[in-house]
Protein chains: 2
Amino acid sequence: MGALQRTCNGCNYKKICLASGLDDDEIAKFDRVMKRRLRLSRSNYLFRSGAPADSIYTVRSGSLKSYVTDEEGREQITNFYLPGEIVGLDALTSNIHPSTVQALESTTICEMPLASLNKLMDTIPTLRNQLIRLMSGAIRVEEDHSMLLGKKTAEQRLASLLLNFASRFHDRGYSSHEFNLSMSRNDMGNYLGLAMETVSRLFSRFQDMGLITVNRKLVHINDLDALHVMVLESSPDALGKGQKEAKQEYTQSVSQNSKETVLYH
Amino acid sequence: MGALQRTCNGCNYKKICLASGLDDDEIAKFDRVMKRRLRLSRSNYLFRSGAPADSIYTVRSGSLKSYVTDEEGREQITNFYLPGEIVGLDALTSNIHPSTVQALESTTICEMPLASLNKLMDTIPTLRNQLIRLMSGAIRVEEDHSMLLGKKTAEQRLASLLLNFASRFHDRGYSSHEFNLSMSRNDMGNYLGLAMETVSRLFSRFQDMGLITVNRKLVHINDLDALHVMVLESSPDALGKGQKEAKQEYTQSVSQNSKETVLYH
DNA sequence: CGAAGCATTGACACAACTCAAGCTTTGTGG
DNA sequence: CCACAAAGCTTGAGTTGTGTCAATGCTTCG
């Protein structure tokens, strides 16, 4: 989609990425210190866990996955990154990368050295605010991922993944009902906390149900609403006793403020 | 532990919280805009999901839980907060709280209005950096939580929780082998992606194995090493085929850089 | 002292995993 | 450009870790 631009001004994603909100003057400064067109081909690493972190990155085209690795070598994929999204925000505590980031396909990346970013933030408060906003957003994304891993059925997890990508592709000006998922079934399973076989079976089932049409990596969503409904209610025994109570409790807690007692002294 | 101080300078946690790294002059400014001694008793809310966010908070004494709620009312606890930890960092995207935060016991809290914080950051770059560091740390914590939820057995999850609290209590000057867990079994199970009954059974089992001694909320850790080992290796069939391969792959990927090909153009 | 909430333990069920076999696509070297 | 090996995907059969349901016990607190 469009040739790679050399400047932020010409970039499709300047409203999504770190540069969002900057005025022309500021974006010019930002532009000057941005290193452009880091290139990775499929399965190459942007960086690995344990490596020193001296930049953060923005996906320009293509896609990436990030994962954390424990002492036993187990890997948990924590995120997939699409164009305009920022990579490496978890490294700003220690300046060591806690996660590994790997390309899912041919991918180009913009690099912002942390030293430059810090200097820029001294004079551009908007930039600082945008970084803070993006990091806060990253926390929210992880919280949603926890909800998915902790509370959802296999069916709901895959439906969530599909809806998530549909919406993100939409935001980027692509079709929200037909897209390529660049990662393997294995990667999806890993991200979703499921075995690859379960993911595969669910794809088949969703297709049999007429919700989607799949051909390898290409997914066509036929019934978006049904997917939305699926994420809300579990298919077998949709409203069991536990769920019902939880739901009631929720509406209660929103409507009335019985326990809201905050006192200053 | 110690009477509540009225100033940041006298606070036990000034090396952990937002004020960390500030010099005397800066901390005085910081102090001036900090609202102190917000008080909550058990099960009261600091704020609820959907509420406007105009402050972030630091736990001063006591403890809190935060959880996100989906449209069906399912709740996923995303974190427990101990003294010195910052609450509300996920609200800085939209200035609406995505999660609900509730006291687990009598808790006192410092409040930093976002407006004040923003002003302060204009003149104190250290403060900005500290906020960024803390947010980055929050992302890492969530990533670890995903690893726990996505890849660990029930046994490993509870062991992780115990070790996590042991280390955090230690950092705060409390005993790392004997402490009170202020949350219910239900909350632990929710956080760990397990049924409360499973948590309860595991507590009994750990006690039978001699790893810990439990009495309601009070936990004494008898064998820290065994817990550490448990987190690494699954108890039944510790090194199955899959694990072994994963482990090998990991050491490989760290030692050699076969696929590391980053090209600039 | 009784009620309500929280924790424990047991029996059973089932969602998702593992193992296994076969199929399809992709990448590569001759 | 073909052939074949390797990787990725699908589907089936059987297993199991953890959840659900249920009954009972133990605190706490009004």
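Everything numeric in this text was worked out from a predicted model, so none of it was measured. Per chain, numbering begins at 1; letters A, B, ... match sequence-line order.
Side chains of B:N79 and A:E143: a donor-acceptor N/O pair is absent below 3.5 angstrom, by distance only.
B:L104 has its CG atom 16 Å from the C1' atom of C:dG5, to the nearest Å. Counting to the nearest Å, the C1' atom of C:dA7 and the CG atom of B:L218 are 16 Å from each other. In this structure, CD of A:E197 is placed 17 Å from P of D:dA7, rounded to the nearest angstrom. Protein atom CE of B:M196 is 14 Å distant from nucleotide atom P of D:dA22, rounded to whole Å. One atom, CG of A:D187, and another, C1' of D:dC9, lie 13 Å apart when rounded to the nearest Å. Note: CG (B:N180) to P (D:dT27) measures 15 Å, nearest angstrom. The separation between B:N190 atom CG and D:dT18 atom C1' is 16 Å, rounded to whole Å. One atom, NZ of B:K151, and another, C1' of C:dC17, lie 13 Å apart when rounded to the nearest Å.
Taking the side chain as every heavy atom from C-beta outward, A:L162 and A:L181 approach each other to under 4.5 Å. Inter-residue side-chain proximity for A:L158 and A:L194 is flagged as unmet; no heavy-atom pair is nearer than 4.5 Å.
A:S63 pairs by the side-chain hydrogen bond (donor to acceptor under 3.5 Å, both in side chains) definition with A:E105, A:S182, not counting sequence neighbours.
Remark: aromatic rings of B:Y191 and B:F80 are close, center separation under 6.0 Å.
Within 4.0 Å of A:S184, counting heavy atoms only, lie sugar-phosphate atoms of the nucleic acid but no base atom. Among the heavy atoms of the strands lying under 4.0 Å from B:G193 are primed sugar atoms or P, OP1, OP2 only; no base atom is included.
The nearest heavy atom of DNA chain D to A:R201 and to A:K217 marks one nucleotide each, and the one closer to the 5' end goes with A:K217. Of the residues near DNA chain C, A:N215 and A:K152, the one whose nearest nucleotide (by heavy atom distance) lies more toward the 5' end is A:K152.
Residue A:R216 places no side-chain N or O under 4.0 Å from the OP1 or OP2 atom of C:dT24. A sub-4.0 Å separation between OP1 or OP2 of D:dG19 and a side-chain N or O of B:T198 is present. Taking 4.0 angstrom as the limit, B:S204 places a side-chain polar atom (N or O) nearer than this to OP1 or OP2 of C:dT9.
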